[in-house]
Amino acid sequence: MSEPPKSLQISPIRNGTVIDHIPAGEAFNVLRILGITRATKETLSIATNVASAKAGRKDIVKIENRELKKEEVDRIALIAPQATINIIRNYLVFDKKGVQIPKLLHGVVKCPNPGCISNTNEPIQSRFEVTKKGLHCLYCDWYLTEDIAGHII
Amino acid sequence: MRHIISIKEFEKEDIDALLDRARAIDAGNYDRHALEDRILGVLFFEPSTRTRMSFEAAMARLGGKSIDMGGVETSSVVKGETLADTVRVVSGYADAIVLRHPKEGAARLATEFSSVPVINAGDGAGQHPSQTLIDLYTIRQAMPIDGTDVGLLGDLRYGRTAHSLAYALTNYDVTIHTLAPESLEMPPNVIEDLRERGVEVVEHTDIAEFAHNLDVMYVTRIQRERFPDMASYYAVASSYRVTPELLSGARERMIVLHPLPRVDEIDPRVDALPHARYFQQARNGIPIRMALLQEVMG
């Protein structure tokens with residue numbers, strides 16, 4: 001008996017962005033970081049736990065009719081440092097790039113220190129610098145070193 | 001515009017210059033009209049005696065005036081005003097703001113909304129740079145800071161003054177010794193940070209061995225509210241109490257400092273010993289804060 005023909009699990013998009021090589025299970029966190037929530041207008045395709053030659057399993061996100069800018073996608077490097085971003089125009093890959101962790105994060109993660117002024121009703125966004133030791137809160141000097149996904153705003 | 005937010009932002013040269021300026025002020029060499037016509041906005045969102053009064057006294061000695069928002073309960077804060085708005089408004093009334101607030105990072109936030117210099121007078125468990133400068137000044141009055149063994153005793157986990165002093169000491173050639181009750185030890189990341197900055201840190205468990213190998217003993221308050229009941233507080237507090245008997249084996253030049261208020265940490269009999277410098281330390285708040293006020297408004 002012959003093998004069933006290989007087919008795409010989610011169909012190609014005509015225009016938009018494909019984020020590939022997201023660690024398995026992190027697709028929804030990636031969307032959260034990008035600010036793409038239930039209220040969004042974009043048509044989304046999400047595939048999780050897809051077989052990957054490199055990582056065993058991975059997630060893929062496709063966003064139709066929206067080309068993500070570099071500063072938008074760099075933020076996802078926090079949880080998906082190996083992700084690749086493909087900008088699609090007329091079904092073809094127009095541009096392909098990796099992600100780079102930015103030096104400063106504004107309003108992306110919540111400070112783990114309950115006593116930090118950024119966790120109050122003040123009119124400010126959280127501010128972190130990315131260091132070797134972890135994410136350093138520029139208000140209270142605490143470090144966020146683990147469960148970064150759990151602290152994403 | 002110069003803000004005074006964290007001791008970590010000071011270079012060694014800045015610290016030494018400020019301590020030199022305070023020494024000159026202490027000797028009476030200062031202009032009594034230096035800050036005439038200047039107004040200091042005093043915003044204290046937490047209780048304080050020494051810090052608030054010494055800033056106001058320092059301002060008065062330089063010919064300036066202070067305006068005080070009073071207690072939180074009589075201010076717009078009870079109406080739900082944000083710190084950002086309070087600071088924006090008061091920076092229109094005053095030439096500098098001195099701020100104490102229970103939240104860490106409050107002073108840094110204030111710098112974003114203030115049109116005048118902000119001096120951090122303590123933000124939660126965070127920074128209290130003027131206290132640290134007072135501590136360094138008091139050590140320097142007794143001996144050169146370089147080459148000293150400085151011991152930190154008490155609540156080294158939550159105590160902001162101990163952390164700030166430890167960071168400031170990394171500018172000098174010192175050995176830091178620590179002794180704290182279980183669960184109030186200095187956080188490992190702080191110790192690691194101090195070592196990365198080139199300072200030797202020795203952690204002790206025996207109070208006599210600790211006390212007898214120091215040039216400076218910096219005692220901090222062990223807060224009762226950190227303990228589940230009074231019995232466990234007293235059990236810990238009594239074993240970390242500084243007494244004349246404990247100090248009988250100390251180095252002759254050793255000085256005992258405490259940012260005050262003290263509760264049970266230092267036996268009042270220690271007050272009469274030549275080691276006791278904590279009241280002098282409190283007095284040093286005036287020249288240091290005069291130097292700081294001149295630094296930001298002069």
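Enclosure of atom CZ in B:Arg52 by more than 12 non-hydrogen atoms of other residues, nucleotides or ligands within 6.0 angstrom is indicated. When the shell of 6.0 Å around CZ of A:Phe28 is examined, it contains 12 or fewer heavy atoms from other residues, nucleotides or ligands. With a 6.0 Å radius and a threshold of 12 heavy atoms from other residues, nucleotides or ligands, B:Glu196 has its CD atom above the threshold.
Neither the backbone nor the side chain of B:Glu81 comes within contact range of chain A; no heavy atom of the residue lies under 4.5 Å from a heavy atom of that chain. For chain B, no part of A:Thr145 is nearby; none of its heavy atoms comes within less than 4.5 Å. Of the two parts of A:Asn113, only the side chain, counted from C-beta on, holds a non-hydrogen atom closer than 4.5 Å to a non-hydrogen atom of chain B.
Between the side chain of B:Glu104 and the main chain of A:Ile117, no donor-acceptor pair closer than 3.5 Å is present. With B:Arg108 contributing its side chain and A:Cys140 its backbone, the two residues share no donor-acceptor pair below 3.5 Å. For A:Glu122 (side chain) and B:Thr82 (main-chain N/O), no donor-acceptor pair under 3.5 Å exists by modelled atom type.
We find the OH-CG distance between A:Tyr139 and B:Leu109 to be 5.5 Å, quoted to the nearest 0.5 Å. Note that NZ of A:Lys133 and CG of B:Asp193 are 3.5 Å apart. Values are rounded to the nearest 0.5 Å. The CG atom of A:Asp141 lies 4.0 Å from the NZ atom of B:Lys8; values are rounded to the nearest 0.5 Å.
Residues of residues 93-109 of chain A having a heavy atom under 4.5 Å from any heavy atom of chain B: none.
Contact tally against chain A (heavy-atom pairs below 4.5 Å) for B:Gly80, B:Ala107, B:Ala106, B:Gly126: the top residue is B:Ala106.
Applying the side-chain contact (heavy atoms from CB on, under 4.5 Å) rule to B:Val116 yields the partners B:Ser91, B:Ile97, B:Ser114; only residues at least two apart in sequence or on another chain are considered.
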